[in-house]
Amino acid sequence: MFVGIDVSATRGFDVAVVDDDRRLVLLAKAKTLEATAVIAQGLPKESVVAVDAPPGPSRGLVPGGKRYRVAEEELHRMGVSLYPVPPDEATAASWMREGFALFEVLAKAGFPVFFDGAARQGVSFECYPHLTYRTLAGASRGSLSKIEWSRAALRRRVAGVPKDATQDELDAIAAALTAWFFAHEQFVGYGDPREGVIIAPAPDERDEGPLAPDQLALAIDAPTAAILASDTTTKETPFAQRVLRFVANIPPGRVATFGDVARACGKATGARAVGTILAAHPFEVPTHRVVDANGRPSPVYGGGPERQLERLTAEGVRVDGGKVDLKESRWRA
DNA sequence: CGTCTGACTGCCC
DNA sequence: TGGGCAGCCAGAC
């Protein structure tokens, strides 16, 4: 089985499983690391697990005392940006720390991290869905929204992708697909093996896509399936999920405007709706990192706008005259 | 369903 | 610089 896991610090783990014919056989959300561990333990030994998160901190191998990883350096040179992993675990973003923990769980379940050498089964590795999409759909996203672009990249590569899949789910499927390419010796790795590599597909030119017609079937043992079934509620709409995922990924010390979030989530004029969604999830994502187009905090932020600015100040954001310096602190994903 | 409201924006004074 | 205002989208009846 080829397994993909999308990690979110606040909303748990999305898990996708693809079989050898590239049919999606399982798509579910596990809210906790423990639930994910149960899934991992139920996997066949010869599975390959791809995770959208780093396995460990930077080892400082980039010349010049840089703090990020070699993989980030290499991808940056290719025009692919990703949030850098710091050398010290304590300052890593919470979703990164979830990733570190997940890789430990996977190792215990019989899937140690792959560092280099020939592809083999019974391993886990880091992937980056954005990079996978880029390889499969082309570098330019054009006028497509992120989710449309993601879906286009997976079309004809994986059978059985639900029409209403969220971005989290698509990312998990992209990870599972990356595991498939890895196991079929069609992959490239970025980074230094001593530190950890990011794996991306390198599709064979003769690649003809999934071999079987669309169909969904559970191929996991019953106890695991039962746990998944009880843990699969996703009440948010796809747009709301994208918004929450995006905001969850704004790093400490950076901010985004409501309009930035709306644009990144595929609805350029949906800034107001972003506010609606954040208001409904005040504790699940770092909403203090979202400010208006002038850099001002929300008048109705829990605890007051001053509290929001305090939190930002504590993260190192410069605040002046009741507003943040957007030029300096704005985050571009 | 239709209608209303809001952690928004850009544009016009 | 700042207030008014129309347009916008998701969520709540």
Side-chain angles (χ1 to χ4, degrees), chain A residues 6 8-12 14 27 29 31 83 93-95 141-152 161-171 231-333:
Chain A
D6 178 78
S8 154
T10 52
R11 282 162 300 110
D14 280 84
L27 183 59
K29 184 177 280 290
K31 286 197 175 140
Y83 190 63
S94 53
W95 63 269
R141 206 173 85 183
S143 60
L144 296 178
S145 68
K146 165 104 196 223
I147 200 166
E148 289 165 341
W149 185 60
S150 309
R151 184 178 297 287
V161 178
K163 292 197 183 349
D164 60 350
T166 63
Q167 185 73 57
D168 282 348
E169 290 171 335
L170 292 177
D171 289 353
D231 206 11
T232 307
T233 50
T234 47
K235 56 182 186 329
E236 283 82 21
T237 63
F239 180 67
Q241 295 208 11
R242 270 181 277 160
V243 167
L244 295 174
R245 178 185 165 80
F246 184 89
V247 174
N249 280 293
I250 303 173
R254 311 307 289 277
V255 299
T257 69
F258 291 91
D260 290 344
V261 178
R263 266 187 299 282
C265 295
K267 284 189 202 297
T269 57
R272 201 163 190 176
V274 170
T276 303
I277 290 158
L278 293 192
H281 299 270
F283 304 115
E284 299 163 44
V285 291
T287 60
H288 64 284
R289 296 182 192 138
V290 181
V291 295
D292 78 11
N294 297 309
R296 277 187 229 286
S298 163
V300 295
Y301 181 82
E306 317 77 23
R307 179 76 187 120
Q308 181 174 358
L309 292 178
E310 271 172 35
R311 291 191 159 200
L312 290 171
T313 306
E315 294 180 354
V317 175
R318 181 153 58 205
V319 173
D320 203 299
K323 55 182 201 172
V324 312
D325 183 347
L326 279 180
K327 201 168 265 182
E328 178 182 285
S329 301
R330 197 175 206 153
W331 185 54
R332 280 157 186 99

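Letters A, B, ... are given to chains in the order of the sequence lines, protein chains preceding strands, and every chain is numbered from 1. What you see is a predicted model, and the numbers here were worked out from it, not measured in a lab.
Between Arg242(A) atom CZ and dA10(C) atom C1' the separation is 12 Å, expressed in whole Å. In this structure, Asp292(A) places its CG atom 10 Å from P of dG10(B), rounding to the nearest Å.
Atoms CZ and OG1, from Arg263(A) and Thr257(A) in turn, are 5.5 Å apart once rounded to the nearest 0.5 Å.
Thr269(A) comes within 4.0 angstrom of sugar-phosphate atoms only, judged by non-hydrogen atoms across all strands, and of no base. If you check every strand for non-hydrogen atoms under 4.0 Å, Ala273(A) touches a base. Among the protein residues, Ala293(A) comes within range of the sugar-phosphate backbone only, with heavy atoms under 4.0 Å from sugar or phosphate atoms but none that close to a base. Note on Ala262(A): nothing from the nucleic acid sits closer than 4.0 angstrom, heavy atoms only.
In terms of polar N and O atoms assigned as donor or acceptor, the side chain of Thr237(A) never comes within less than 3.5 Å of the base of dA10(C) in a complementary pairing. A donor N or O paired with an acceptor N or O is found under 3.5 Å between the base of dG6(B) and the side-chain atoms of Thr276(A).
In this model, no donor atom of one side chain and acceptor atom of the other lie less than 3.5 Å apart for Glu310(A) and His288(A). Inspection of the Gln308(A) and Ser298(A) side chains reveals no N or O donor paired with an N or O acceptor under 3.5 Å.
Using bins of under 30°, 30° to 60° and over 60° for the plane-to-plane angle, the ring pair Trp331(A)/Phe246(A) lands in the tilted bin.
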